[in-house]
There are 2 protein chains.
Amino acid sequence: MHAQNLINIIADELPNLNKSESKVAKVILADPDGATQSSIAALAKAAEVSEPSVNRFCKRFNAAGFPDFKLKLAKALVSGVRFVNRNVDPDDEVSSYTPKIFDATINNLAMVRDKISHTRVNQVVDKLIQAKRIYFFGVGASGSVARDAENKFFRFNLPVSFHDDVLMQRMLASTGSTGDVFFFISHTGRTKEVVEIAEIARANGSTVIGLTAPDSPLARVSSVTLDVDVPENTDEYMPMTSRIVHLVILDVLATGVTLRRGPDFLPHLEKIKNSLKPTRYPRTN
Amino acid sequence: MHAQNLINIIADELPNLNKSESKVAKVILADPDGATQSSIAALAKAAEVSEPSVNRFCKRFNAAGFPDFKLKLAKALVSGVRFVNRNVDPDDEVSSYTPKIFDATINNLAMVRDKISHTRVNQVVDKLIQAKRIYFFGVGASGSVARDAENKFFRFNLPVSFHDDVLMQRMLASTGSTGDVFFFISHTGRTKEVVEIAEIARANGSTVIGLTAPDSPLARVSSVTLDVDVPENTDEYMPMTSRIVHLVILDVLATGVTLRRGPDFLPHLEKIKNSLKPTRYPRTN
DNA sequence: TAATTTACGTAAGTTTACTACATTATTAAG
DNA sequence: CTTAATAATGTAGTAAACTTACGTAAATTA
């Protein structure tokens, strides 16, 4: 279940509350923002109950007490408000659509941050660590993500490549074997071509990792799936943000691999970093 | 300026605070979440100041008092931007480093969201609208960003290409002329090769746009620069997040162009979207 | 060096929230 | 239909937390 908002929880629990508790609930639901700013006495009066009733109400919803409850309520309000009205309007100015696009991206990242399965991440890191070869596959926008992944993972001193060409992908998948990791990146997880290729790879005993939508055909074919459940972009003007989320997840995986490799591996990374120095103008300040 | 996050405001004001106020600020910034849960007495003790000092501190930041301040702080914390200790530790578990990486990315996005010049964005959208051709250039990690940009901008029905090969870039730049837009993407803005190519393009009368670090050599060569000032990654384990910021800025630009094109252009975008339908397994639910 | 302003803390006062206990309502059993 | 038991709610007292007023110390300026 989605990380429930305190306000929704209260609304859901309303029928299960006893008389004075439900009085309190109604007052809070009627004006949650006002509730965060009033004292326990004021709220008790507004709900026509005693102060301890309000206090008990708070504890019922897993708050330490009234102040803690107000804090939680305030937090719930923010995340609620933030999800509203973030669509780009046809007559938006730069100053409107710019923050909207940033906010939409940030929101999706925050959502995935809270939902992503750490177990799965760990499993994928395991697979990547054990891999003899890694292939990053993606088409269209996901091709760029795959390319970026290559750019990160080649640092680990193992054969890594990315491919955005489905014929190449198909041929490589057909020659794969145990120890090879095929890492598929796909927003929808329903591109037939991609799913087919994943099936081929899987049939050859290779490990198939899917960075894609949960319950999608690709997810079902994968050995391990990293679910990315960001809302489809219904708005014409709002760009697709799943690519960004994919990139960050790949960052997480790369960090996971680096940490597993241990501190002895750092000099190697340092060497790669330093190799670029002569290509750059030195900093003056 | 965009609605700034309270935590950022405090961090910004830090140099302007007097002794005891800054003591309070430091304690709050070190653990904002902890601050929301502590009493004024506890906070005063932690900061080694008197309670009224904490109270004055709160009022300085437009809070009615300490409880109100805590409320605002709590709200600031949820708004996606967490200001926790963001460095990845060598002995971090998945459950620690995963949110850290997300948070670092989110933080940088929020920072750029609030700092980016809308005038500049508008100027760049102007240039892109007027362009006869657009070239997206990037090398290394920025190559993926350039590739992604191509994937977005080809939709506008004008000649767009991306190149991650410096020789190709150099040749194309040398043949450029007025009306051509060369869009350079670079984290540091100091890669000699890239700067040289930008100079060549500029010399031919082409428009050069730089999505790069402010005051960098590349920024100085560009006709218009979009400054991306994200902190250098000093931490070995923390991935470079500027790519992500670049991608989002390109999203913003693409949206800007779409909006300028007006509603008559939407059917064209729709057509492109629909063209992919037959490649996908239909949704079952 | 004195005057003035600003910064900070002490102590008292006020509000706020919590706890223990008492009372009232509700339910179940005889 | 009582009566006992339990649950729900409120009262009153207390402890904690917050704010205010005021005084002293530090810093700044003339």
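A, B, ... follow the sequence lines: proteins, then strands. Residue 1 opens every chain. Below, all heavy atoms of this structure are taken into account, side chains as well, without hydrogens, waters or symmetry copies.
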Visitor: Only counting residues at least two apart or in another chain, list the ones meeting side-chain hydrogen bond (donor to acceptor under 3.5 Å, both in side chains) with B/Ser223.
Guide: B/Arg202

Visitor: Tell me every residue that passes side-chain hydrogen bond (donor to acceptor under 3.5 Å, both in side chains) with B/Ser50, counting only those two or more places apart in sequence or in another chain.
Guide: B/Ser53

Visitor: Scan for salt bridge (charged side-chain N to carboxylate O under 4.0 Å, His left out) pairs involving residues 60-73 of chain A, sequence neighbours excluded, and state none if there are none.
Guide: A/Glu13-A/Arg60, A/Glu21-A/Arg60, A/Asp68-A/Lys72

Visitor: Within residues 26-35 of chain A, which residues have any heavy atom lying less than 4.0 Å from an atom of DNA chain D?
Guide: none

Visitor: Select one nucleotide: of C/dT26, D/dC18, C/dC18, the one nearest the side-chain heavy atoms of A/Lys19.
Guide: C/dT26

Visitor: Using 0.5 Å steps for rounding, measure from the OG1 atom of A/Thr241 to the CD1 atom of A/Ile101.
Guide: 10.5 Å

Visitor: Considering residues at least two apart in sequence or located in another chain, which fulfil the side-chain contact (heavy atoms from CB on, under 4.5 Å) criterion with A/Leu276?
Guide: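 Per chain and number, A/Leu276 pairs via side-chain contact (heavy atoms from CB on, under 4.5 Å) with A/Thr279, A/Arg280.
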
Visitor: Write out all pairs satisfying ring-ring contact (aromatic ring centres under 6.0 Å, His included) with one or both partners inside residues 23-65 of chain B, taking only residues at least two apart or from two chains.
Guide: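 Residue pairs passing ring-ring contact (aromatic ring centres under 6.0 Å, His included), neighbours aside: B/Phe57-B/Phe61, B/Phe57-B/Phe69.
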
Visitor: How many whole angstroms separate atom CD of B/Glu21 from atom P of D/dA26?
Guide: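 The answer, rounded to whole Å, is 18 Å.
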
Visitor: For the pair made of NZ in A/Lys45 and P in D/dG10, what is the distance, rounded to whole Å?
Guide: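 That distance rounds to 15 Å.
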
Visitor: By a strict heavy-atom criterion of less than 4.0 Å, which residues belonging to residues 47-68 of chain B are in contact with DNA chain D?
Guide: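 The answer is B/Glu51, B/Pro52, B/Asn55, B/Lys59, B/Gly65, B/Phe66, B/Pro67.
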
Visitor: Between D/dT9 atom C1' and A/Leu17 atom CG, what is the distance in whole Å?
Guide: 15 Å

Visitor: Please collect all salt bridge (charged side-chain N to carboxylate O under 4.0 Å, His left out) contacts where either partner lies in residues 27-37 of chain A, sequence neighbours excluded, each pair once.
Guide: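 Every salt bridge (charged side-chain N to carboxylate O under 4.0 Å, His left out) pair that includes a residue of residues 27-37 of chain A, provided the two are not neighbours, is A/Asp33-B/Lys75.
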
Visitor: What is the distance, to the nearest angstrom, from the CG atom on B/Asn18 to the P atom on C/dT5?
Guide: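 Computing the B/Asn18:CG to C/dT5:P distance gives 18 Å.
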
Visitor: Checking all strands, does A/Lys70 fall into the base, sugar-phosphate, or nothing category for heavy-atom contacts under 4.0 angstrom?
Guide: sugar-phosphate

Visitor: Just jot down the side-chain hydrogen bond (donor to acceptor under 3.5 Å, both in side chains) partners of A/Asp92, sequence neighbours excluded, or say none.
Guide: A/Lys100

